[in-house]
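I'd like to ask you about the structure that follows.
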2 protein chains.
Amino acid sequence: MGQDVRELLWGDAARPPRGRPAGLSREQIVAEAIAIADAEGLQKVSMKRVAERLDCGVMSLYRHVDGKEQLVALMHDTAIGPAPDLSADRGWREAVAEWARATRAYFLAHPWALPLVTEDRPVGPNEVSWLDQGLGALESTRLSGAERLAAVMVVNGFVRGGVQPEVQESYAGAQWFDFMADPRARERFPNTSALFADGSMSYETPELSFEFGLQVVLDGLERRIGDAA
Amino acid sequence: MGQDVRELLWGDAARPPRGRPAGLSREQIVAEAIAIADAEGLQKVSMKRVAERLDCGVMSLYRHVDGKEQLVALMHDTAIGPAPDLSADRGWREAVAEWARATRAYFLAHPWALPLVTEDRPVGPNEVSWLDQGLGALESTRLSGAERLAAVMVVNGFVRGGVQPEVQESYAGAQWFDFMADPRARERFPNTSALFADGSMSYETPELSFEFGLQVVLDGLERRIGDAA
DNA sequence: GCTAATTAGCGTAGACTATACGCTAAATCG
DNA sequence: CGATTTAGCGTATAGTCTACGCTAATTAGC
């Protein structure tokens, strides 16, 4: 029931008019799974929990979804949705910046997706549309295909890395305090403890850090691109 | 037995001379877990498998490790090891480049660590040393503390993002082919399908993509830093 | 050397997972 | 009215992690 990439991609649903009509739908299942993940985290998403929410038997889910792996992949592709349209004529720099900000907004809205995208997993059509828009943002430049791809991955990697401390307890939390509390930390981790001491690690203004990093990346791209479009 | 950060950080093992002596050690357990992950992937690492390799009962592991979560955290911190010493006087640019290349080498050697580092998890002392060295590489610059931190995270994010397609089947694999095989792909994902058509997505020369991205990031940093040290 | 204290090893059991199989119910087609 | 097709789902199986409590091995103090 639906590992067919074609159906997932192009929406050739083609509901067969024979047989018992479905009460459940894949969309409902995925939506409920996303709701659980948003509220309680990805690891609280189990087939049982999803079935309870939909008031159906656990095995009924498998009529609409191949298994948990596919369900999780669908969660991501559904939650991220189609990429924003960047075809406006603002020039590549602002287009890439918008792409980066939109990506960041997604991970802030659905923090559970962050570890997910690093996993080896099937890619969905919406995610492809994001890649496509990212590449499109660089269309006006004279970068080669491989360079454009590399550029999108630089931006994407930067966004993910920057969002992580915003989204996860451990980074901003008491963890650093434990490390830096020991007096020997000054000797062993001098740079980190200095940063910690002056409050630079508190992540109180994540937007500023993000914009700083973004401008760094864009500056680097601009130098490689040469001219602005 | 040992969620004590202190012991983990500073090696204050302080084996108590009373009681039955230990036949197992945390180091052995972690080493065996790493061996499994290297050979078969992280998800093949179970307490049972580790115990089998060590020829001991499953619950014996819990005398040396708090639980699976801590074990996995220890795997990463042990596998990555202490950061390379970058205190040579090559200037910040080459120091950051070395840091990035070393980070990439780690993920290539232990691909299972890639999804791991994106998870919300306890950070270990070796990982802190990497952060510290990364910050140290930028010591000669006039960047503020927060900016240095942001810079390290840009580089780190870039490395992770760039390594992912090198390490995972799905990215270089038949997945893209499925998407791009359909004639409608040209219309819906024009930029991606163009890249796919001319072979730019085959990831045949990952080093080149990596170096391209790295230079982009370094150029961006250089512009923010102004002078080279 | 004996006893108490301390620690390591680990078997059992419980509470979770995901999912393969096969049955039953509900719909349409001929 | 069958025959066919599909949906819903109960049961059972094979995993997972780990809390608890017992036994064994060692040392400290007497």
Side-chain angles (χ1 to χ4, degrees), chain A residues 1-4 7 12-30 32-33 36-37 40-75 112 115-116 119 121-122, chain B residues 1-4 7 12-30 32-33 36-37 40-75 112 115-116 119 121-122:
Chain A
M1 284 294 130
Q3 75 279 50
D4 203 31
E7 182 222 319
D12 302 351
R15 141 105 179 112
R18 281 195 287 286
R20 179 175 175 178
L24 284 171
S25 74
R26 174 183 286 188
E27 286 73 20
Q28 276 175 47
I29 293 170
V30 173
E32 224 59 56
I36 295 172
E40 305 176 48
L42 187 59
Q43 85 190 121
K44 288 286 189 178
V45 176
S46 70
M47 302 306 265
K48 192 178 166 189
R49 284 278 318 250
V50 174
E52 277 168 6
R53 280 221 174 197
L54 291 166
D55 215 28
C56 72
V58 179
M59 292 313 292
S60 306
L61 303 175
Y62 288 86
R63 289 277 171 202
H64 304 272
V65 158
D66 272 3
K68 195 179 183 187
E69 196 176 317
Q70 195 199 42
L71 172 58
V72 171
L74 288 168
M75 287 172 65
W112 48 265
L116 234 179
E119 224 104 5
R121 70 196 197 289
Chain B
M1 284 295 129
Q3 74 278 50
D4 202 31
E7 183 222 320
D12 303 351
R15 141 102 178 113
R18 282 195 285 289
R20 180 176 174 176
L24 286 170
S25 75
R26 175 183 286 187
E27 286 74 19
Q28 276 175 47
I29 294 170
V30 173
E32 224 59 55
I36 296 172
E40 305 175 48
L42 187 59
Q43 86 191 120
K44 289 285 188 177
V45 176
S46 70
M47 300 308 263
K48 191 178 166 188
R49 283 277 319 242
V50 173
E52 277 169 5
R53 280 221 175 199
L54 291 167
D55 214 31
C56 70
V58 179
M59 291 314 291
S60 306
L61 303 176
Y62 287 85
R63 289 277 171 200
H64 304 271
V65 159
D66 272 3
K68 195 180 183 185
E69 196 176 319
Q70 195 199 43
L71 173 58
V72 172
L74 289 168
M75 286 172 65
W112 47 266
L116 234 179
E119 223 104 6
R121 70 194 198 291

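By convention in this document, chain letters (A, B, ...) are assigned in the order of the sequence lines, proteins followed by strands, and residues within each chain are numbered from 1. Only heavy atoms go into these numbers, but all of them, side chains included; no hydrogens, no water, no symmetry mates.
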(request) Quickly work out the B:Gln43 CD to C:dA18 C1' distance and round it to whole Å. (result) 13 Å
(message) Using 0.5 Å steps for rounding, measure from the CZ atom of A:Arg26 to the CZ atom of A:Arg63.
(response)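 Between atom CZ of A:Arg26 and atom CZ of A:Arg63 there are 14.0 Å.
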(message) Tell me the closest heavy-atom pair linking A:Glu69 and A:Pro122, and the distance in Å.
(response)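 Looking at all heavy atoms of both residues, the closest pair is OE2-CD, 4.3 Å.
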(request) Would you name the heavy atoms of B:Val50 and B:Glu32 that are closest together and state the gap between them? (result)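 That closest heavy-atom pairing would be CG1-CB, 4.5 Å.
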(request) Whole angstrom is fine here: how far is it from CG in B:Leu42 over to C1' in D:dT16? (result) 14 Å
(request) Identify the heavy atoms of B:Leu61 and B:Met47 that sit nearest to each other, and give their distance. (result)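 Shortest heavy-atom separation between B:Leu61 and B:Met47 comes out as CD1-O, 3.3 Å.
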(message) How would you summarise protein contacts on nucleotides 10-16 of chain C per nucleotide, using B for base, S for sugar-phosphate only and - for none, with heavy-atom distances below 4.0 Å?
(response) BBB----
(request) Would you mind reading off the distance between B:Gln28 atom CD and C:dA8 atom P, rounded to a whole angstrom? (result)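 After rounding, the gap between these two atoms is 14 Å.
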(request) Would you mind reading off the distance between A:Met47 atom CE and D:dT16 atom C1', rounded to a whole angstrom? (result)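 Taking atom C1' of D:dT16 as the reference, CE of A:Met47 is at 17 Å.
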(message) Between the base of C:dA8 and the side chain of B:Arg20, is there a donor and acceptor pair under 3.5 angstrom?
(response)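 Indeed, a donor on one side and an acceptor on the other fall under 3.5 Å apart.
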(request) Give the rounded distance in Å between these two atoms: CD of A:Glu69 and P of C:dA18. (result) 13 Å
(request) Calculate, to the nearest 0.5 Å, the distance between atoms CD and OG belonging to A:Gln28 and A:Ser25 respectively. (result)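 OG of A:Ser25 is found 4.0 Å from CD of A:Gln28.
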(message) What is the distance, to the nearest angstrom, from the OH atom on A:Tyr62 to the P atom on C:dA20?
(response) 7 Å
(request) Mind listing the closest non-hydrogen atom pair of B:Ser60 and B:Leu24 along with its distance? (result) CB-CD1, 3.9 Å
(request) To the nearest 0.5 angstrom, please state how far the CG atom of A:Leu74 sits from the CD1 atom of A:Ile29. (result)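 Output value for this atom pair is 9.5 Å.
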(request) Search all heavy atoms of A:Glu119 against all heavy atoms of A:Pro115 and return the closest pair with its distance. (result)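 Scanning both residues completely, I find the closest heavy atoms to be OE1-O, 3.3 Å.
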(message) Quick check on the helix from C:dG1-D:dC30 to C:dG30-D:dC1: what's the angle between its two end axes, five base pairs per end, to the nearest 10°?
(response) 10°
(request) Let me know the distance between NZ of A:Lys68 and C1' of C:dT19, rounded to the nearest Å. (result) 12 Å
(request) Check the distance between C:dA18's P and A:Arg49's CZ and give it to me in whole angstrom. (result) 12 Å
(message) Ignoring hydrogens, what is the shortest heavy-atom contact between B:His64 and B:Ala22? Give both atom names and the distance.
(response)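 That closest heavy-atom pairing would be CE1-CB, 3.9 Å.
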